[in-house]
Structures are given as C-alpha cells and as structure tokens.
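Taking it in order: structure first as structure tokens, then the write-up.
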Amino acid sequence: MPRYTNQQVAQIFNQIADLSEIKGEIIYRVLAYRKAADSIANLGRDINEAWQAGKLQEIPGVGPAIADKIGELLSSGQMTFYNKLTAEVPPSLVEVLGIPEVGPKKTRAMWQTLGLTSLAEVKTAAEAGQLRALPGFGPKTESKILAGIEALASRATDRVHMGVAFPVARELVTALARLPQVRRVNYAGSLRRFCATIGDLDILVASGDPVGVMSAFRQLPQVESTLLSGETKTRVRLLNGMEADLRCVDETQWGSALQYFTGSQAHNVKLRELALKRGFSLSEYSLRGEDNSEIRFAEEEEVYQALGLPFIEPELREDRGEIEAGLRGELPRLVSIHDIRGELHCHSTWSDGQASIEEMALSAEARGYEYLVISDHSQSLGMTGGLGPERLREQRAEIQAVQERLHRLRLLHGTEVEIKGDGSLDFSDHVLAGLDFVVASVHSGLRQDRDTITARVVRAMRNPHVHAIGHPSGRLLTRRDESAVDLHEILRISAETGTMLEINAAPDRLDLDDAHVRRAVELGVRLVINTDAHRPRDFDNLLLGVATARRGWAGVEHIANTLPFEALLDRRKGGV
DNA sequence: GCCGTTTTCGGCCCGACTGTTTTCAGTCG
C-alpha cells in the first residue's frame, strides 16, 4: 500500500475542492476542503503520525468528516468519497479550471453543455468559435481563454524565489517613489510576508491622483503589457514574465490598505470575521461601524489595535493561529536580524567560493559579526574542489594568519563535510575533532528512497563531531524538489541528539522551510541560520533566512547563532 | 464541512475590474 506524504494528502483535498466547486457544491464546503488542504501542507508533522496518534482533528480546519476521509485513505489507500467524486466529475476539469479567467462556473458551463473535459478539448472548441455561444460567454471571453491556454503552455513555472522577485520589486518601488504625486509606496503581498516563492508582485501607493499614478505605472520601462487597469487598480505583465498589481489609496487609508494588500487572504478573512464579531466591517479602506461611521487608519498597527490585537508581523500572517495567539496575548517574540551574532557556514576560494578567506572575513567583520566559520566543501564533492585532510591542515594555517589581521571578528575553522552515499562522512572522526564547527550535508544521491536517504542523514547526526545538518531537505526552489528525506524523523533525531538543523538562507534554498521550522520550535530542536555564502554579498541573504525562521515562529532562544561563540560551543553536543 | 467570549445551529470578508449584460455575474486577490 502506498504511503502518503502530507503534500500528497493536501493535493487530494485541493482536487476535491476544485471538483466539488465545479460540480456546484455549497461554497463553504469547498472552502473547508481548501482550508484543510492548506493546513495539512503546512503541518510540519507527519500526517501519518498524527493519524496514528488519533490527533487529526487537532489540525485546524479538519473536523470529523475530513478526519474520516484521511483515516480511510491512510489505512486502506482508498477514499470512497474521492472515488465517487472523480467518477462523477472528470478530474481533468481541474486543468480547465486552471486557465486564467476561467472559474468554476465557466468550467461547468463548458463541461455540461459542450461536454468539454480537458484543456485540449476546450482549445479546439474555442478555435472553432463554439464557446461564444454559451450563456455568459462572448468573443472576448473566447479569445481570453485561448490566450490563457497559450500562457499555461509557455510558462514552465509561474512562481519565482525571492532572489528574483526582490530586485524587480525594488526597481518598481523606486520608480514609483520618483513620481511627484506619490506620497507613500511599498511592496506588499507574499513578498512582504517573505514567502519562499512569489506568484506576482503587489505594490501599494498612496496618492491623491490615482489615475495619474496608474497611467505612469503602465508606462514604466519594465512593463510589457497591461492586463487590466481601472481607476485604483492596475495589473501588468513585466518584461521578465512576472505580473505586478498596483493599488492606489488615499494617504489617510494607507494603514488599512497595506494591511489588506499584504495578506494573506486567509489571514484577512479571519481578521474581517473578527471585525464582524466586534460589530465592524473591515475593508482595505476603513473600519465601518454598524451606524456606518468610518474610521481610517494611516498606519498598519492601528488596524490591529482597533480590533484588540497586538501588531502581527507580516511573516506570521498566514492564518496559522496568529490571530488566536494575538487575542490570547501569546504571540512569540520573533528573532530579528540584529540578534544574529555570527555565521557558521560559508565558503572561500579554497573550494567553490568566489572570494578569499580574508575577503570573507573582512566583510563579515564589517557587518558586525562576532564570529565566522570558514566551512569549505570536503573532497568527495569533486566539482567544488573540495578539501582533503592535507589541504584542510594548510587551510588552518591561513585562517590563523588572517585572524591576526582582524580586529574583533573571531575566525574559525570548520567544514561542510559530505555525507556520503552510505551515510559515512568524508573526514575521519580524528580530523573532524580538530575543527571548530562541523556542518554535514547531502549533495549527491538526492534521489535515494525515503528510508535510505533518511538513514544516511541520521547516521551523520549520530556522529558526535557533527554539529549541524546543512540544508536538510536539499530543495532548490522552482528547480528541484526536496529529497525524499523524512524530515519528521530528522527533527526527532535532532531533538534527541542535540544536532542543530540549518535554516539555509540562500534564496533558492530556504531550507529548512517555515513549516518544519515551526515544528522544530515546538520540539525544542536547536536551529542555526546560515547564509552558506560563496562571496561577500551572499551575506545579504541573512535577511531571508531570518524571515524564514520568523515564519516558523522562532524566537532568539531557538537560534543557536544568536549566542556568543563560547556559549554556542559550550552547548555543542558532547559538550566539547 | 468547520466552528464557538453572541452560537452545538446558523453563520461563514469585501471590493475592483471585465464582459456580457440592460443591472449583474464571474473571477480574482
């Protein structure tokens, strides 16, 4: 019988939601499936384990009916409800629903009146001019559908990581800030929440001349075409293929608008429900009382304050319990970038880095770090020019020499040692014992099956000289999925052995991810935030790693490199 | 289908824009 991962179970419920919606099911039932799917995808603990512990209904959005369906799936590999639904509503309709501008009503119309059940069939019908005859359809809808199918085919992936999105967002914000009629401007949306990947850019402007701002926005050199444009809202496609939304409000409404436009949608829905309970109606413009009185908020903090909540940091706004915690006064005090005292994982020209040890050290010192560990690759990762024991000894001499030219920074000698295919390490225990800090990582054999790759990492974690596991899942955002490694087991072993888990801050990694950071925090696992810098400017990525930690509700106490190095060393496992 | 400091039943956010319409439904975020 297949074993289902959290992602697979979540995908099934998302599919149930889509098919139910096309079928015409009560929308709240559909939303319930979506909420459950989102919770499961971001659970951080293994759904199989939660099921065996009888704790499925502790998952937010999972009640008796959905818990039964999960239980049936995990125990038998079947879900009767799903089988009946897919027999009734062709599953390929999900891809039709995926066409931009096509929602459940149009999907249903095409299916029930023309019998269209797939992208290919819809395309053929549109090309034959058959769609415009349907009620609610017209020539424009028909051509939009064709263009939408085109776009789906040409677009390999529709999300980018923050390393791509941030520079573009900054360019747009800078350009808008130069407009004389613009009073305030900021990016919002998933970028402001520091989601690992970004679908489109959301930018907010305060101005008394929204029409002028919209017009100027459409004419920016980065803009390829305008997708929609009204008086206060414009969506464009950029030259790099991304889409960007611009909203404009009055300066007196900035706080409400920034709160709304930052999202997430689920967070906003929960916040608006809370407002209703308090006798208000919350929108992106204001808070309206039952007597239709209107309160405007120029600052975001005031929105939360008016609802009896402390300020909720953007990284937490995912409807993962932050509003409830805020009401109870139990929001975590999140780690901040200023709390980070040192870096435990970076490279130099001794392996695949782009800068010398001295350049890296001087940059770290200039950034105010107290300590820096040089941790070049080990020899079996051949293409990086990894070090063997001999060169490792030579490197130590250079580190000591550079140390003498530094003022405050403590420069330390470490390694990113390869976890080999069988779980053994690239250096002997004797060599590892001579290093200040050891990160162990998997770079090869990432396609091994779950049990094999997990056993490999666990073996490394049980080595007393291994202090941290680097980028535990091995994912490369938008390029490579995580390995099959059982992170739930890794978290458990980490808590048991005291081996730290890295939050790798490289924009295409962010690994551990936010959901597993959250679970790590719950389990008392020790985390480190490392940039894995290969050149001085990579240290800038620290912000992304810290944001990922914050998205996982981590405080200073959970992050080992917020400690002075002596304290960090004292608390190394084994107490060495 | 889920959920509870108004509820174990009756709620479940709010608004912009477009296209197809003669006042609104559908989609999106």
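Throughout, protein chains are lettered first and strands after them, A, B, ... in sequence-line order, and every chain is numbered starting at 1.
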[X] side chain: which of [options] is closest?
X	options	answer
A/Arg288	B/dC14, B/dG15, B/dG1	B/dG15
A/Thr232	B/dG1, B/dC13, B/dC17	B/dC17
A/Lys233	B/dC13, B/dT27, B/dA16	B/dA16
A/Arg235	B/dT6, B/dC28, B/dC2	B/dC28
A/Arg272	B/dC17, B/dC13, B/dC2	B/dC13
A/Lys105	B/dG15, B/dG19, B/dT27	B/dT27

Base, sugar-phosphate, or nothing for [X], non-hydrogen atoms under 4.0 angstrom?
X	result
A/Glu273	sugar-phosphate
A/Leu276	sugar-phosphate
A/Leu282	sugar-phosphate
A/Pro64	sugar-phosphate
A/Val62	sugar-phosphate
A/Tyr260	base
A/Pro210	nothing

Most 5' of A/Lys69 and A/Asp200 on DNA chain B, judged by nearest nucleotide:
A/Lys69

In terms of the nearest nucleotide of DNA chain B, which residue is placed more toward the 5' end: A/Ile66 or A/Lys140?
A/Ile66

Quickly work out the [X] [atom1] to [N] [atom2] distance and round it to whole Å.
X	N	atom1	atom2	result
A/Glu318	B/dG29	CD	C1'	14 Å
A/Phe137	B/dA25	CZ	P	16 Å
A/Leu134	B/dG19	CG	C1'	14 Å
A/Arg29	B/dG10	CZ	P	17 Å
A/Asp245	B/dG15	CG	P	18 Å
A/Lys270	B/dC3	NZ	P	9 Å
A/Arg278	B/dC13	CZ	P	16 Å
A/Tyr285	B/dG15	OH	P	9 Å

Quick one: do A/Arg317 and A/Glu300 satisfy salt bridge (charged side-chain N to carboxylate O under 4.0 Å, His left out)? Show the steps, please.
CA-CA 13 Å; A/Arg317 300 182 196 169; A/Glu300 203 179 32; 2.8 Å; yes

Just by distance, no angles: are the side chains of [X] and [Y] close enough, under 3.5 Å, to form a donor-acceptor pair?
X	Y	answer
A/Asn268	A/Gln259	yes
A/Arg218	A/Thr226	no
A/Arg29	A/Ser20	no

Expressed in whole Å, how much space separates the [atom1] atoms belonging to [N] and [M]?
N	M	atom1	value
B/dA16	B/dT21	P	24 Å
B/dT5	B/dG1	C1'	23 Å
B/dG4	B/dT8	C1'	8 Å
B/dC28	B/dT23	P	25 Å
B/dC12	B/dT6	P	15 Å
B/dT27	B/dT20	C1'	14 Å

So, are A/Arg34 and A/Glu21 salt-bridged, with charged N and O less than 4.0 Å apart?
yes

Short N-O contact, A/Glu322 and A/Lys270, less than 4.0 angstrom:
no

At less than 4.0 Å, is any side-chain N or O atom of [X] found next to OP1 or OP2 of [N]? Yes or no.
X	N	result
A/Ser190	B/dG29	no
A/Lys35	B/dG1	no
A/Ser281	B/dC13	no
A/Tyr33	B/dG1	yes
A/Arg34	B/dC2	no

Answer yes if the ring centres of A/Phe297 and A/Tyr304 are under 6.0 angstrom apart, and no otherwise.
no

Check the pair A/Lys69, A/Glu72 against salt bridge (charged side-chain N to carboxylate O under 4.0 Å, His left out), reporting the backbone distance first and the verdict last.
CA-CA 5 Å; A/Lys69 291 178 172 67; A/Glu72 186 196 351; over 6 Å; no

Partner nucleotide of B/dG1 by Watson-Crick or wobble geometry (both distances under 3.5 Å)
B/dC12

